[in-house]
Amino acid sequence: DAGVTQSPTHLIKTRGQQVTLRCSPKSGHDTVSWYQQALGQGPQFIFQYYEEEERQRGNFPDRFSGHQFPNYSSELNVNALLLGDSALYLCASSFIGEAFFGQGTRLTVV
Amino acid sequence: QKEVEQDPGPLSVPEGAIVSLNCTYSNSAFQYFMWYRQYSRKGPELLMYTYSSGNKEDGRFTAQVDKSSKYISLFIRDSQPSDSATYLCAMSKRGPGTYKYIFGTGTRLKVLA
């Protein structure tokens with residue numbers, strides 16, 4: 001079992017650009033959540049997808065959007081990047097039970 | 001006031017010591033309590049998961065939840081240098097994995113050989 005996989009592992013973007021991050025959930029998991037972790041902070045909930053729909057959303061602006069595909073994989077899109085969007089973006093998958101996290105995508109906005 | 005408070009540390013202990021890590025919270029609706037370990041530049045790894053109040057033990061790790069005090073703890077016995085990491089507490093109002101987690105800021109632990 002490959003666990004939760006995220007791609008890419010690192011990327012650098014310029015302020016104002018758009019970025020797409022990808023997540024493949026652990027086998028058998030149908031729910032995907034995205035979190036943003038700034039340096040020295042705990043992860044902050046962005047949103048959760050279940051059955052291809054956004055089920056919950058945290059306090060993040062509309063610049064953050066997502067999608068879940070029929071195979072349960074998910075994408076996180078961020079438009080009009082700001083310097084403050086620089087963080088580790090974590091994907092977590094679950095099926096009724098506790099959530100398991102991927103290794104994250106480190107996004108740097110310059 | 002943050003919903004979940006956690007001392008950021010760093011906490012330095014000698015190898016073999018018993019480590020106590022703690023979180024307090026303000027929202028009595030939290031029912032599920034998790035502890036994650038996060039190595040530098042890696043994703044969080046689930047260590048313990050507890051529902052409601054009580055204790056749970058797994059090897060060298062013991063998790064305690066006191067809902068009356070809104071206080072949770074993680075104890076690590078016979079600590080090893082490989083335990084050096086950031087420990088995150090997380091809480092959820094409904095079934096874990098089906099509802100958002102609220103995390104503490106994490107406590108950095110360093111176990112000295």
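Just the heavy atoms: all of them, side chains too, but no hydrogens, waters or symmetry mates, feed the values below. Reminder, nothing fancy here: chain letters follow the sequence lines and each chain counts from 1.
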Please determine if A:Arg57 forms a cation-pi arrangement with A:Phe47, meaning its NZ or CZ atom is less than 6.0 Å from the six-membered ring centre and no more than 45° off the ring axis.
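Not flagged: A:Arg57 not positioned over aromatic ring of A:Phe47.
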
By a 4.5 Å heavy-atom criterion (distance strictly below it), what part of [X] contacts chain B: side chain, backbone, both, or neither?
| X | result |
| --- | --- |
| A:Gln44 | neither |
| A:Gln56 | side chain |
| A:Gln41 | both |

Is chain A contacted by the side chain of [X], its backbone, both, or neither, given a heavy-atom distance below 4.5 Å?
| X | value |
| --- | --- |
| B:Arg108 | neither |
| B:Gln6 | neither |
| B:Pro44 | both |

Name the orientation class of the two ring planes belonging to A:Phe45 and A:Tyr35 (parallel below 30°, tilted from 30 to 60°, perpendicular beyond 60°).
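If you compare the ring of A:Phe45 with that of A:Tyr35, the planes turn out perpendicular.
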
Over 60° means perpendicular and under 30° means parallel, so classify the ring planes of A:Phe101 and B:Tyr101, tilted if in between.
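It falls in the tilted class, 30° to 60°.
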
Could you check whether A:Asp85 pairs with A:Lys13 (Lys NZ or Arg NE/NH1/NH2 to Asp/Glu carboxylate O, under 4.0 Å)?
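No.
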
Can we say B:Arg77 and B:Glu57 salt-bridge, meaning some charged N sits less than 4.0 Å from an Asp/Glu carboxylate O?
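A salt bridge is present here (some side-chain N lies under 4.0 Å from a carboxylate O).
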
